[in-house]
Amino acid sequence: MSESGDRGRRPGGKPRGGRPSGGRPYSGRPDNGRSSGGRPSSGRSSGGQADGGRSGGGRADSNEKRLWTRDGAPARGDRGARERELPPDPDPYGTRSVRPRHDEPVVPEDVKPAELDRVARAQLKTLSKENAEGVANHLVMVARLIDSDPELAHKHAVSAARRAGRIAVVRETLAITAYTTGDFALALRELRTYRRISGRNDQLPMMVDSERGMGRPDKALELGRSVERSTLATDVQVELAIAMSGARLDLGETELALRELEIPQLDPSTAYSYSPGLFDAYAAVLEDLGRADEAEQWWERSERASAALAVGGDPDDEDIVEVEEELLPGGDEDEVDQDDDDQASGKAPDASPEGAASE
């Protein structure tokens with residue numbers, strides 16, 4: 001799935017949370033496994049009498065709070081009746097995060113497991129050959145449909161998860177399709193499971209944005225700060241900055257939203273695959289602050305970066321593309337002149353992500 005296609009579906013117009021409780025999905029069990037009846041406020045009834053209304057041969061206290069069974073009869077006074085035991089958790093590992101009833105979508109005959117990414121195929125080697133092929137076919141269909149028919153893509157992801165719920169790439173795929181269809185609660189749960197299985201934080205921006213989608217920007221910020229930025233890949237750092245900026249906007253903290261985006265990768269003289277999205281986010285926040293002239297400048301920089309990437313090669317590559325600044329009407333002439341002087345002298349840009357190769 002393309003980066004630009006994914007970004008357009010994120011809540012609040014920005015690219016892609018609470019933290020997992022004990023590292024496991026919520027099982028639906030009530031607190032402490034107790035029923036909702038509470039407990040009596042006064043004397044216990046004697047050892048297991050069938051009527052439950054007499055204690056020691058006397059009459060029940062009229063002020064005694066009594067528990068009731070589900071069919072409307074008074075509960076027995078013994079502890080086992082007051083605290084009915086819940087059935088054991090049928091899914092302790094969180095492998096069934098999908099609905100129990102599911103009609104598996106049809107996979108066309110032209111779909112081949114070999115179409116799946118080599119790294120993803122390697123993760124399926126722990127499965128039987130027949131099952132691995134079935135899972136691979138569904139993942140291929142997700143890749144085909146995610147942009148044109150996200151609902152059907154999600155059904156294929158659910159089918160893959162039912163077959164291989166402990167495979168990281170499968171849970172990641174289910175999270176992405178859930179996010180794309182707007183089911184942020186499911187996306188967050190699946191991303192937590194993916195992170196627990198894989199030990200990776202590369203989907204942290206989507207987790208932060210899922211918290212935003214659930215209306216919890218404060219938790220989104222907390223989640224985004226829980227991981228050291230320097231441990232993340234450069235493109236993930238950029239997406240995280242955009243997601244954090246969106247959370248600030250949700251809270252009405254526009255100045256702080258702008259500050260979240262002022263990172264080394266915000267360099268108008270270079271273009272990476274993530275540059276147009278970063279420039280767009282920065283321009284949008286500038287507009288919110290009423291700085292329309294500056295915003296227009298960054299919108300145009302985004303357009304030039306996109307054009308440069310289209311001409312310069314594969315936009316998904318990490319190669320750097322030089323972007324020439326033109327003098328903009330009403331723009332900052334000093335800034336443009338300084339860029340021209342740097343290029344003429346061969347001076348490298350001040351802030352350039354590591355690992356870039358000049359084209």
Side-chain angles (χ1 to χ4, degrees), residues 1-11 15-16 25 91 93-198 200 202-207 209-210 213 235-236 239 273 277 314-317:
M1 168 172 32
S2 68
E3 187 68 30
S4 59
D6 186 28
R7 178 174 291 110
R9 288 186 290 270
R10 294 170 182 169
R16 333 191 241 238
D91 185 28
Y93 297 102
T95 57
R96 292 179 58 193
S97 63
V98 294
R99 296 176 180 176
R101 295 181 181 179
H102 173 67
D103 294 327
E104 191 164 286
V106 176
V107 176
E109 294 183 358
D110 65 323
V111 174
K112 305 298 180 186
E115 296 180 51
L116 187 64
D117 176 79
R118 176 177 55 83
V119 176
R121 289 204 311 271
Q123 292 189 35
L124 305 182
K125 289 183 177 180
T126 58
L127 306 174
S128 67
K129 181 179 179 182
E130 181 181 0
N131 194 28
E133 289 181 354
V135 172
N137 286 339
H138 283 298
L139 295 182
V140 170
M141 288 304 298
V142 171
R144 288 187 179 186
L145 296 168
I146 189 66
D147 291 322
S148 60
D149 192 345
E151 293 288 347
L152 183 54
H154 182 61
K155 291 181 179 180
H156 281 284
V158 169
S159 295
R162 289 173 65 86
R163 287 169 169 260
R166 299 188 184 185
I167 305 298
V169 68
V170 174
R171 303 305 284 266
E172 180 185 31
T173 301
L174 180 56
I176 291 172
T177 60
Y179 180 95
T180 304
T181 57
D183 191 343
F184 303 115
L186 177 59
L188 183 58
R189 182 172 65 185
E190 292 302 311
L191 288 169
R192 288 171 176 169
T193 304
Y194 161 73
R195 182 167 68 171
R196 185 168 65 252
I197 294 173
S198 67
R200 296 171 60 89
D202 55 323
Q203 292 294 1
L204 182 63
M206 187 179 289
M207 295 178 72
D209 221 36
S210 293
D235 60 329
V236 178
E239 291 186 3
S273 58
D314 186 352
D316 291 329
D317 285 344

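Heavy atoms only: backbone and side chains are in, while hydrogens, waters and symmetry mates are out.
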How far apart are the closest heavy atoms of S210 and L191, and which atoms are they? OG-CD1, 4.3 Å
Shortest non-hydrogen contact from P205 to D202? CD-O, 3.8 Å
Residue pair V140 / K112, side-chain heavy-atom distance below 4.5 Å: no
Is there a side-chain contact between E104 and R163, using heavy atoms and a 4.5 Å cut-off? yes
Looking at H156, K155, R162, which one forms a side chain to side chain donor-acceptor pair (under 3.5 Å) with H138? H156
I need the E190 CD to T173 OG1 distance, nearest 0.5 Å. 10.5 Å
Within the 4.5 Å heavy-atom criterion, are Y179 and D209 side-chain neighbours or not? yes
Under a 4.5 Å cut-off applied to non-hydrogen side-chain atoms, are R166 and T126 in contact? no
So how far is it from D149 CG to T180 OG1, rounded to the nearest 0.5 Å? 11.5 Å
Nearest heavy-atom contact between A175 and A187 is O-CB, 3.5 Å
Compare all side-chain heavy atoms of H154 with those of P150 and state whether any distance is below 4.5 angstrom. no
Atom CG in L152, atom CE in M141: separation rounded to 0.5 Å? 6.0 Å
Verify salt bridge (Lys or Arg N to Asp or Glu O under 4.0 Å) between D110 and R144, making sure each step is shown before the conclusion. CA-CA 12 Å; D110 65 323; R144 288 187 179 186; 3.3 Å; yes
Shortest non-hydrogen contact from L127 to A164? CD1-CB, 3.7 Å
Going by heavy atoms in the side chains, are L124 and L116 under 4.5 Å from each other? yes
Nearest 0.5 Å, please: how far is CE in M206 from CD1 in I176? 5.0 Å
Quick check: closest heavy atoms across A157 and V142, and the distance to 0.1 Å? N-CG2, 3.7 Å
To the nearest 0.5 Å, atom CZ of R171 lies from atom CZ of R189 at 8.0 Å
Any D235 side-chain heavy atom under 4.5 Å of S273 side chain: no
Are the side chains of I167 and Y194 in contact, using a 4.5 Å heavy-atom criterion? no
Any chance you could measure L204, atom CG, to E239, atom CD, to the nearest 0.5 Å? 10.5 Å
For a side chain to side chain contact (heavy atoms under 4.5 Å, CB included) check, start with the C-alpha distance between Q203 and R195, then their side-chain angles and the critical distance, and finish with the verdict. CA-CA 8 Å; Q203 292 294 1; R195 182 167 68 171; over 6 Å; no
